[in-house]
Amino acid sequence: MTFHISQPRSSPSSRSKGEQIALNVDGACTDESSTYSSKLMDKQTFCSSQSTSNTARYAAALYRQGELHLTPLHGILQLRPSFSYLDKADAKHREREAANDAGDSSQDEAEEDVKQITVRFSRPESEQARQRRVQSYEFLQKKHAEEPWVHLHYYGLRDSRSEHERQYLLCQGSSGVENTELVKSPSEYLMMLMPPSPEEEKDKPVAPSNVLSMAQLRTLPLADQIKILMKNVKVMPFANLMSLLGPSIDSVAVLRGIQKVAMLVQGNWVVKSDILYPKDSSSPHSGVPAEVLCRGRDFVMWKFTQSRWVVRKEVAAVTKLCTEDVKDFLEHMAVVRVNKGWEFILPSDGDFIKKHPDVVQRQHMLWTGIQAKLEKVYNLVKEGLPKKPDGQSGPAALLSGDQRVQAAKSKAQQNHALLERELQRRKEQMRASAVLPGVRIKEEPMSEGEDEEDQDAEEDEEPMDTSLGGGLHNRLANGLPSGRAAGGDSFNGHPLPGCASTPVARELRAFVEATFQRQFVLTLSELKRLFNLHLASLPPGHTLFSGISDRMLQDTVLAAGCKQILVPFPPQTAASPDEQKVFALWESGDMSDQHRQVLLEIFSKNYRVRRNMIQSRLTQECGEDLSKQEVDKVLKDCCVSYGGMWYLKGTVQS
């Protein structure tokens with residue numbers, strides 16, 4: 001809604017300024033389309049806008065003779081001055097400048113040039129185009145400008161007509177007894193006068209998920225309050241939790257609720273892992289599922305029930321999780337100390353342990369069940385963690401690499417005499433077989449003690465060390481001897497793991513074949529990393545958790561149709577022994593097998609190669625001109641580019 005309000009007569013200086021504004025807006029000529037027909041700015045335009053969309057909470061009040069009369073409002077408009085005449089003045093100014101420029105240029109011309117005019121006929125307007133035009137801003141502005149003005153007469157505050165209209169704001173009832181709505185308490189009347197607005201509640205900004213309002217928190221049920229607090233704080237003593245919940249909350253109810261969302265560690269409550277990592281979620285760092293993350297975090301919590309200190313590398317070695325995930329676990333409940341490890345973030349709460357022995361006993365039973373599950377999943381007993389004599393599982397103790405080496409040396413010294421006797425016995429059998437080929441000598445079984453010692457020696461083979469540093473079995477400088485062909489059925493008289501019928505061998509070979517079908521070239525280090533991720537996604541108790549050595553993994557790779565590429569690394573290379581062992585799938589069954597084999601032979605003699613050399617060698621060996629797409633495919637399957645040179649995948653040292 002727009003209003004034109006006439007201005008009263010003013011001083012001569014203001015009049016001259018008004019005439020100048022009217023001249024700028026309308027020019028010297030006046031007609032019906034002029035803004036100021038009197039050649040004087042004698043009126044001002046006001047445009048209305050809706051000040052609020054919800055007027056149900058507003059009323060017009062009139063106080064008279066000790067009575068307050070309220071009239072509900074159905075709309076509130078705010079008038080603001082409009083300066084559209086300034087835009088019109090600018091347009092007039094630009095038109096005059098354009099006319100002056102055109103007049104100057106026409107004086108130089110004797111006569112106007114004849115110009116060709118192109119006539120175009122508009123197409124019929126479709127219904128969709130008409131609707132878009134009607135809804136456009138320009139059409140609405142045009143309709144608004146074409147709306148005719150309605151002349152109104154203004155009545156002042158003291159005018160009799162104004163006083164007559166003001167009487168409608170007074171309540172016409174003779175008695176207040178008939179109005180039953182006013183027979184209410186002050187609080188009820190205030191609620192009727194200003195009811196809560198659902199629209200304003202929706203418009204309130206939502207607080208971040210990690211920001212809690214204690215006023216809003218205390219409106220929730222007790223179980224939700226405890227869950228939200230523990231999810232945000234992670235670790236909290238029971239006394240602090242009671243102070244946050246308020247003095248009116250029953251401690252027995254809090255104890256009942258806290259045990260559903262947290263576990264007791266050193267007298268303090270630590271939020272459960274499934275609260276932080278709900279089902280169907282995954283790690284933002286490695287992408288492993290929530291079930292694997294919960295097992296790893298439960299292992300960290302259980303370690304803190306045994307000691308105040310935890311070493312991150314030991315946790316990563318057991319859980320097989322990436323460093324970022326393990327660091328997240330530890331930051332939830334511990335602080336790092338230089339050259340010591342991670343210490344539990346809170347001191348042990350002895351007061352709670354003394355006051356609530358029944359809760360402590362119940363939590364101890366829960367931790368015993370979790371410990372048994374962790375020992376089964378992470379194979380802690382097979383890592384050298386014997387159980388207590390009374391049958392209860394004792395605390396798991398991780399063995400460092402030096403301790404394992406010392407234990408292996410001690411075991412080797414103990415079995416030295418046994419191995420000497422066994423070697424001597426086999427030499428005698430071989431000599432007897434050579435002298436009497438047709439006579440078969442019966443082998444006497446070893447004694448029970450020797451059988452047990454030999455079995456212990458076989459079990460001493462350590463599972464695969466998947467750390468970056470390499471394990472005890474990584475003794476070759478660049479992998480296995482080249483004589484171990486992938487296509488043979490045995491090596492030195494012993495069947496290869498890929499040919500074995502054990503479930504472990506079948507599962508391992510299936511993993512190796514699937515991995516090399518996706519990635520044609522892998523170093524041993526990268527293959528072990530992928531195997532760790534595969535183990536982390538397996539369910540508890542899977543056959544592959546029985547322990548896979550480096551040697552068994554390499555034998556399975558060779559038995560699966562792969563070959564080791566003896567890449568000539570530079571003498572000063574920083575690559576570890578596992579990174580120098582490069583394996584490649586020799587035959588995958590597609591059309592690019594021959595091209596890949598030629599490429600792998602090139603890298604068996606060169607550490608890095610230029611692209612033009614690869615393309616010329618492929619053309620020479622394959623006897624045809626390969627397209628750029630075929631060469632790109634082979635390079636993408638097996639190589640990476642760095643600094644203008646091409647390297648086999650995993651061998652480039654930046």
Side-chain angles (χ1 to χ4, degrees), residues 1-5 43-84 87 131-157 159 161-221 224-225 228:
M1 187 178 295
T2 308
F3 295 90
H4 277 172
I5 301 178
K43 56 187 176 182
Q44 190 173 2
T45 304
F46 287 85
C47 294
S48 64
S49 61
Q50 191 174 7
S51 59
T52 178
S53 59
N54 182 17
T55 59
R57 302 179 60 180
Y58 296 93
L62 186 64
Y63 185 77
R64 179 168 294 184
Q65 296 178 0
E67 296 177 347
L68 182 64
H69 299 263
L70 298 177
T71 303
L73 299 179
H74 299 287
I76 301 176
L77 298 179
Q78 182 180 10
L79 292 178
R80 294 181 179 178
S82 174
F83 302 98
S84 58
D87 298 334
Q131 292 181 358
R132 288 196 298 268
R133 181 176 59 82
V134 169
Q135 296 176 359
S136 64
Y137 177 76
E138 295 180 356
F139 182 82
L140 295 177
Q141 288 293 102
K142 182 179 179 182
K143 294 290 289 184
H144 178 72
E146 292 176 354
E147 184 178 354
W149 289 95
V150 178
H151 296 278
L152 301 176
H153 183 72
Y154 174 75
Y155 294 95
L157 180 64
D159 194 273
R161 182 64 181 270
S162 298
E163 183 63 28
H164 175 73
E165 293 292 333
R166 199 156 41 244
Q167 293 298 321
Y168 289 109
L169 298 178
L170 299 176
C171 182
Q172 304 299 324
S174 59
S175 175
V177 179
E178 299 178 359
N179 194 354
T180 58
E181 291 187 0
L182 295 179
V183 188
K184 295 184 180 295
S185 64
S187 59
E188 292 176 341
Y189 175 69
L190 184 62
M191 184 61 66
M192 292 177 58
L193 186 63
M194 298 185 64
S197 174
E199 294 183 1
E200 293 186 2
E201 292 293 333
K202 294 180 182 178
D203 293 340
K204 288 184 178 179
V206 179
S209 58
N210 60 341
V211 177
L212 287 177
S213 169
M214 295 304 297
Q216 294 179 354
L217 182 67
R218 287 172 180 170
T219 61
L220 301 175
D224 293 340
Q225 294 184 44
I228 292 174

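Computed from a predicted structure; not experimentally measured.
- Of all heavy-atom pairs spanning Tyr58 and Thr52, the tightest one is CE1-CG2, 4.3 Å.
- Taking CG from Leu217 and CD1 from Ile228, the interatomic distance works out to 5.5 Å, rounded to the nearest 0.5 Å.
- Taking CD of Gln50 as the reference point, atom CG of Leu77 lies at 7.0 Å (rounded to 0.5 Å).
- By the neighbour-count criterion of 12 heavy atoms within 6.0 Å, atom CD of Glu138 is sparsely surrounded, having that number or fewer from other residues, nucleotides or ligands.
- In terms of heavy-atom proximity, Tyr155 sits nearest to Arg161 at CD2-CB, 4.0 Å.
- In terms of heavy-atom proximity, Ala59 sits nearest to Leu70 at CB-CB, 4.4 Å.
- Looking at every heavy atom in both residues, Val134 comes nearest to Leu140 through O-CD2, 4.0 Å.
- To the nearest 0.5 angstrom, Asn54 atom CG is 9.5 Å from Ile76 atom CD1.
- Under a 3.5 Å cut-off, the side chain of Ser162 and the backbone N or O of Gly156 do form a donor-acceptor pair.
- With values rounded to the nearest 0.5 angstrom, His164 atom NE2 is found 12.0 Å from Asp159 atom CG.
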Check your understanding: For Gln78 and Ser49, what are the C-alpha separation, side-chain angles and deciding distance, and is it a side chain to side chain contact (heavy atoms under 4.5 Å, CB included)?
Key -> CA-CA 5 Å; Gln78 182 180 10; Ser49 61; 4.2 Å; yes

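- For the pair Leu169 and Arg166, the minimum side-chain heavy-atom distance is below 4.5 Å.
- In this structure a side-chain-to-backbone donor-acceptor pair under 3.5 Å is missing from His69 to Leu62.
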